[in-house]
Amino acid sequence: ITLLHVVLLSTPSVANVVYVDVATDFQKQAEEEMVKKVAALKLEYPDLHIDYKVETGLFLDSLQRCCEERNPVAMVMGITGDGTGMDKLIGSNTTLAMRSTNFPLIVVPKKAVFKSVDNICFACDLHNVANSTPLLAIKAFAKLFNAKVHILNIDFQNRHFTANTPAEIDVLNLMFESIETQFHFIENENVQDAINDFIEQNTMEMLIMLPKKHSFFESLFKKSQTKEMLYQSHVPILALHQS
C-alpha cells in the first residue's frame, strides 16, 4: 500500500513565484505527519508493506505519476460530508480522478463500514455492451473479491428498450459466463433513486460506475448528479474505464 499526500498548488506560475517557501514548509509538515501515520499503520497491520509519497504540486499530475510508477491494482480515495466547504474540495479531487485517470478507483464514503464484498452491483444500459463494458476489469475484481455480479438495468415505460435489447442481454450472458451473475430489471423514472434503493434492498457491498464514454451514468445523469451519487452512496464505488 502506498499512501500519497499532495500539497496542493493552484497553478505552476503562481506556485513558482509566490508560494515556494510556504509550500516547502507544508511539505515538511506533511512528511512528518506521514511518517507517524505509516508507523502507526505498520504496528496495526504488521503483515502489510506500507510506504508513502509526499509531493508538492498539482493533485492530478502527482496522482497520475504515482500510479504510472507503481501500476496499482486500484487507487483508493475517500469522500466525506455533503459537498460543502472542505468536503467540496475533497469531492472535486475524487471526481477529477474518476474522470481523468485510467486506473481503477475505489471511492469509499465516510460512513462506509468495512464488509466483505460478496455482491457487486453493475448498472448497465444494454446498449453496445460488447464495446462499452470493461469486461476484464469487472471479472478481475469479481474474482478478487469472490463476488457475485448483479447486472442492473433501469428503464421507464420502455424508453430505452430497442429491438436489440434482448440480443444485448445474450451478449452480456456470454461475456460473464465464467463468473456468477444475475440480471435485475427495474422500472423507475429516477435512475439515481433506483440504484440506491436496489443497493439497500439487496445488500450490495459495492457499486461499479463507468465515468467515461459509453457510461450509463453519463447518459442518464447530469454531471452534478454523478457527484451527488458519490456523496449519497453508503457503499464503496468502483470506477472503471474502458481499456
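Note that this is a predicted model, so its numbers are computed, not measured.
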Please determine if E44 and K42 form a salt bridge, counting it only when a charged side-chain N lies under 4.0 Å from a carboxylate O.
-> no
hydrophobic_cluster_shared for L48 and Y52, side chain cutoff 4.5 Å | yes
Which pair of non-hydrogen atoms, one from C67 and one from P72, has the smallest distance, and what is that distance?
-> O-CD, 3.3 Å
Quick one: do V73 and F103 satisfy side-chain contact (heavy atoms from CB on, under 4.5 Å)? Show the steps, please.
-> CA-CA 8 Å; V73 172; F103 293 89; over 6 Å; no
To the nearest 0.5 Å, atom CD of E189 lies from atom CG of D155 at 11.0 Å
Between F198 and H184, is a ring pair (Phe, Tyr, Trp, His ring centres under 6.0 Å) present by the stated rule, with each step listed?
-> CA-CA 9 Å; F198 177 81; H184 304 267; 4.7 Å; yes
Taking everything shown except Q182 itself, do over 12 heavy atoms lie less than 6.0 Å from its CD?
-> yes
What closest approach, in Å, do N188 and I154 show between heavy atoms, and which atom pair accounts for it?
-> O-CG2, 3.6 Å
Gap between atom CE of M75 and atom OG1 of T101 - 0.5 Å precision = 3.0 Å
Do you know which two heavy atoms are closest between L240 and P134, and how far apart they sit?
-> CB-CG, 4.0 Å
Stepwise side-chain contact (heavy atoms from CB on, under 4.5 Å) test for K37 and L3 = CA-CA 9 Å; K37 182 68 174 178; L3 303 181; 4.2 Å; yes
Counting only N and O atoms by type, is there a donor-acceptor contact under 3.5 Å from the side chain of E180 to the main-chain atoms of K148?
-> no
Do you know which two heavy atoms are closest between A112 and V108, and how far apart they sit?
-> CB-CG1, 4.0 Å
Nearest 0.5 Å, what's the OG-NZ distance between S178 and K139?
-> 3.0 Å
Could you walk me through whether H150 and N119 pass the side-chain hydrogen bond (donor to acceptor under 3.5 Å, both in side chains) check?
-> CA-CA 7 Å; H150 295 258; N119 295 281; 2.8 Å; yes
One should read off an interatomic distance between E200 CD and I195 CD1, to the nearest 0.5 angstrom, of 14.0 Å
Determine, step by step, whether N196 and D193 satisfy the side-chain hydrogen bond (donor to acceptor under 3.5 Å, both in side chains) criterion, reporting the C-alpha distance in whole Å, the side-chain angles of both residues, the deciding distance to 0.1 Å, and the verdict.
-> CA-CA 5 Å; N196 286 329; D193 287 347; 4.9 Å; no
Shortest non-hydrogen contact from E205 toward S116 = CG-O, 3.3 Å
dist L152:CG -> I120:CD1 (nearest 0.5 Å) comes out at 14.0 Å
Which atom of V129 lies closest to which atom of V171, heavy atoms considered = CG2-CG1, 3.8 Å
Is there a side-chain contact (heavy atoms from CB on, under 4.5 Å) between M209 and L238 once you walk through the steps?
-> CA-CA 6 Å; M209 290 181 67; L238 173 60; over 6 Å; no
Has the side chain of N190 got a donor or acceptor atom that lies under 3.5 Å from a matching backbone atom of Q192?
-> yes
Any I208 side-chain heavy atom under 4.5 Å of F141 side chain | no
Whether H5 side chain and K53 backbone form a donor-acceptor pair below 3.5 Å | no
Quick one: does M206's side chain get under 4.5 Å of P236's, heavy atoms only?
-> yes
Is E55 reaching over with its side chain to a backbone N or O of V6, donor-acceptor style, under 3.5 angstrom?
-> no
Per side-chain contact (heavy atoms from CB on, under 4.5 Å), F183 is matched among V149, I151, N153 by I151
Between CG on residue L172 and CG on residue L126, distance to nearest 0.5 Å | 6.5 Å
Heavy-atom donor-acceptor pair, T94 side chain to G78 backbone, under 3.5 Å = yes
Validation row: F26, T56 side chains within 4.5 angstrom (heavy atoms) | no
How about N173: does its CG atom have over 12 heavy atoms from other parts shown lying under 6.0 Å from it?
-> yes
May I ask you to check whether over 12 heavy atoms, not counting those of F185, lie within 6.0 Å of atom CZ?
-> yes
Does I179 belong to the same Ile/Leu/Val/Met/Phe/Trp/Tyr cluster as L210, with side-chain heavy atoms less than 4.5 Å apart forming each link?
-> yes
Are I50 and V76 joined in one hydrophobic group, where the rule is that I, L, V, M, F, W and Y side chains link up if heavy atoms are under 4.5 Å apart?
-> no
Yes or no on side-chain contact (heavy atoms from CB on, under 4.5 Å) for R70 and D51, after CA distance, side-chain angles and deciding distance?
-> CA-CA 11 Å; R70 286 162 169 75; D51 65 358; 3.6 Å; yes
Do side-chain atoms of H241 reach the backbone of M98 as a donor and acceptor pair under 3.5 angstrom?
-> yes
Can we say E33 and K36 salt-bridge, meaning some charged N sits less than 4.0 Å from an Asp/Glu carboxylate O?
-> yes
Does the side chain of I1 reach to within under 4.5 Å of the side chain of Y45, using non-hydrogen atoms?
-> no
